[in-house]
2 protein chains.
Amino acid sequence: MATIRDVSKLAGVSVATVSRVINKNGYVNETTKNSVLNAIKALNYKPSSIARSLAGMKTSTIALLVSDILNPFFPEISHAIESEAIKQGYSVILCNSDNNAEKEAEYIKILKEKRIDGIMIASYTIQAEQIKKLQEEGIPVVVLDREFPGHNVLTLMCKNREGASMAVQHLIDQGCKKIGHISGPLDVYAARERAIGYEEVTNKNNIYTPGLIVPGGFSIDGGYRALLELYAKYPDIDGVFAGNDLMGIGAIKALYDSNLYVPKNIKVIGFDDIDLSKTFMPELSTIKQPIYEMSKMALHYLMKQINNEDIVLTSYAYEVELLPRESTKKLEKEA
Amino acid sequence: MATIRDVSKLAGVSVATVSRVINKNGYVNETTKNSVLNAIKALNYKPSSIARSLAGMKTSTIALLVSDILNPFFPEISHAIESEAIKQGYSVILCNSDNNAEKEAEYIKILKEKRIDGIMIASYTIQAEQIKKLQEEGIPVVVLDREFPGHNVLTLMCKNREGASMAVQHLIDQGCKKIGHISGPLDVYAARERAIGYEEVTNKNNIYTPGLIVPGGFSIDGGYRALLELYAKYPDIDGVFAGNDLMGIGAIKALYDSNLYVPKNIKVIGFDDIDLSKTFMPELSTIKQPIYEMSKMALHYLMKQINNEDIVLTSYAYEVELLPRESTKKLEKEA
DNA sequence: AGTTTATATCTAACCGGTTACATATTAATA
DNA sequence: TATTAATATGTAACCGGTTAGATATAAACT
């Protein structure tokens, strides 16, 4: 593999000149530039990012830490982050914590050693303490879909509580009288907020019952099991607000396997608007959060921190949107 | 950020000794070792992988190049590769080409500059020529789910043709008389092989009609559109073999939207056995390919190349398995 | 003509590790 | 006791870039 010194020798100039040509900075004579360019081509020279990082004190690499790459929500984030990052000349190391705190800690250690320029966190297992440590070591951090009240971190999320309220209100509008909630892990901020939104609206309508909240771990399987549990306890349930689309899909599947149909017997609404929700049958009503937009802005703010522009480390909540689809349709005979 | 020299100073030893302690090689006195360890802790020292890579000529990083991270098939591969890689102390840069040849070429350039130790390719846009170039530059390569006959590359795939035959035979066994095929992009090896498997079995049963093959681009949308096209041309179709599960799901959706039901009116079988296929309603019959196992072995062979163990650069095809589910069920009244 | 400014290039230190080689001490063997 | 081997540690070159500072020439300005 050719080095910058090989190039400089072949072109008959110093390494500094070669460096200037490569980075298009400083003065370089047109003729000199061409002979350097020719030497580069002749040797098939590719500058080593490793050496460049060591000398330049930046890696042009960020990390994206996710909970579970098998959950379609995260590939959507990953896709957005990566697309935007590459536009700015950054590449992304994807770290899948698999919802495992130890694996996550191991990753964080590796990332520090790799001297990545910043880290984007979309993981439910991470603790505020770990984020604080990263920041103390000078590593820019942005957090997606979480909130750490009382900590100086930039976090982006959607209006979870409001969205949940919209979802439950929609079920009520569609005629539901007894509405269950399949929640995410309640130690996760977004899941908690959504549960609160559910509580608020059911309370206001005098249909709140604590037992109607069952956790479903944000997964299809969890949603499936949660629905069965819910239905066993309350066979007269007629609406379900699932804390995310995956659990909504799991719930619909469980109903189907129990010979109950959506929306005929029970109406179901999810949250997120992952791609799959409008492909599923029946199409899943949901609360859309602007995943691409949020991710894009998250990256934007991460870059600002990396470039030492000072920004306020606070949290932003994005608007959500109700997307009524088949799974909450009011059938004619009900009307 | 503390450096190895800071540590050596604090511990009162040379950098070589510190290096020996960190890497657990060479002779180090127990007492010395402890004082070094203490210094490391006191300074919160984390060795720089950058410097280490530059000096040691390896990055402990591999790249995974995928076609489309939004297609669940690829997160499953990604999950497997990443899980196995981290066990061996390697991290993975995930590169999503988005089915865009230019973006892919750009990534390959970046990866060369990053001096990654090896590259795992699961992308449909890559050309044999590019792989050859990578190899000539000494970069170990393993390819998943493709084949490049006549090229010396290690490729892992499943028995695509055989699986396709099994799928079509299964449809026939379930009573289908007119079977369509929604294919992947026919310039992709796996898609072509599956189409050939389809042709072989339909031919043998004298039900082959060229017009019954329609391309669906390996996506849900593509499958949806392909089915509509197929059905418009051949309204008497009673079975569909989709070249992957996503297209199978798209096809079922299209049928549903046309008031046709699966398996009642038409039976559908997919290929891959992605997680979603058994959650979908109806559950999608499919040909299971051992994604985790294949990916794991792919990584295994990549590591062998990285470690300069010589292996035969050839292609391996994994066994597939028919998973009959609801979408191809023979209903009682049909029997 | 003398001074300033813009252009062009080079030398060498530096980034933070690894490692070959030299050196010193102690233990084992002849 | 002399010699060899094992243990322990240090020095300094090297990996391949970047960049500050030195130097030199040509053009522009007093």
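Because the structure is a prediction, the values reported are computed rather than measured. Chain A is the first sequence line, chain B the second, and so forth, proteins listed ahead of strands; every chain is numbered from 1.
Taking atom CD of residue A/E113 and atom C1' of nucleotide C/dG16, one finds them 13 Å apart after rounding to whole Å. When rounded to the nearest whole Å, the span between CZ of A/R52 and C1' of C/dC14 equals 17 Å. The CG atom of B/L54 sits 9 Å away from the C1' atom of D/dC14 (whole-angstrom rounding). Counting to the nearest Å, the C1' atom of C/dT9 and the CD atom of A/E30 are 16 Å from each other. At whole-Å resolution of the value, CD1 in A/I4 and P in C/dA12 are 17 Å apart. Straight-line distance from the CG atom of B/N29 to the C1' atom of D/dA8: 7 Å, rounded to whole Å. Taking atom OH on A/Y45 and atom P on D/dG16, their separation rounds to 10 Å, with Å as the unit. The distance from atom CG of A/N25 to atom C1' of C/dT7 is 14 Å, rounded to the nearest whole Å.
Scanning all heavy atoms of the two residues, the minimum distance from A/D117 to A/S60 falls at OD2-N, 2.7 Å.
Put simply, B/Y27 has a side-chain N or O that comes within less than 4.0 Å of OP1 or OP2 on D/dT7. Taking side-chain N and O atoms only, B/T17 has no distance below 4.0 Å to OP1 or OP2 of D/dA8. Here A/S53 does not reach the OP1 or OP2 of C/dC15: none of its side-chain N or O atoms lies under 4.0 Å away. Residue A/S48 places none of its side-chain N or O atoms closer than 4.0 Å to OP1 or OP2 of D/dG16. Residue A/S49 places none of its side-chain N or O atoms closer than 4.0 Å to OP1 or OP2 of D/dG17. Regarding contacts with the backbone of D/dG16, every side-chain N or O of A/T3 stays at 4.0 angstrom or more from both OP1 and OP2. Of the side-chain N and O atoms in B/N23, one or more sit less than 4.0 angstrom from OP1 or OP2 of C/dT18.
Rounded to 10 degrees, the angle between the two end axes of the helix from C/dA1-D/dT30 to C/dA30-D/dT1 is 40°, with five pairs used at each end.
Residue A/S19 is classed as a base contact, given a heavy-atom separation below 4.0 Å to a base. Within 4.0 Å (heavy atoms only), A/V15 reaches at least one base atom of the nucleic acid.
Distance from the side chain of B/T32 is smallest for D/dA8 among the nucleotides D/dC15, D/dA8, C/dC10. Side-chain atoms of A/A16 lie closest to C/dC10 of the nucleotides D/dT9, C/dC10, D/dG10.
Residues B/E136 and B/K133 are not paired through a salt bridge, judged by the lack of any N-O separation under 4.0 Å between the basic side chain and the carboxylate. Remark: B/K103 does not engage B/E106 in a salt bridge, criterion side-chain N to carboxylate O under 4.0 Å.
Side-chain contact check for A/T61 and A/K114: no donor-acceptor pair (N or O, by modelled atom type) lies under 3.5 Å. No hydrogens or angles considered: a donor-acceptor pair under 3.5 Å links the side chains of A/H79 and B/D98. Judged by distance alone, the side chains of B/T125 and B/N99 never bring a donor and an acceptor atom under 3.5 Å apart.
Between B/F218 and B/Y124, the distance separating the two ring centers is shorter than 6.0 angstrom.
No hydrogens or angles were tested; on distance alone, a donor-acceptor pair under 3.5 Å links the side chain of B/R5 to the base of C/dG17. Between the base of D/dG16 and the side chain of B/R115 there is no donor-acceptor pair shorter than 3.5 Å.
DNA chain D is contacted by both B/G12 and A/K46; B/G12 maps to the nucleotide lying nearer its 5′ end (nearest heavy atom per residue).
At most 12 non-hydrogen atoms from other residues, nucleotides or ligands lie less than 6.0 angstrom from NZ of B/K296.
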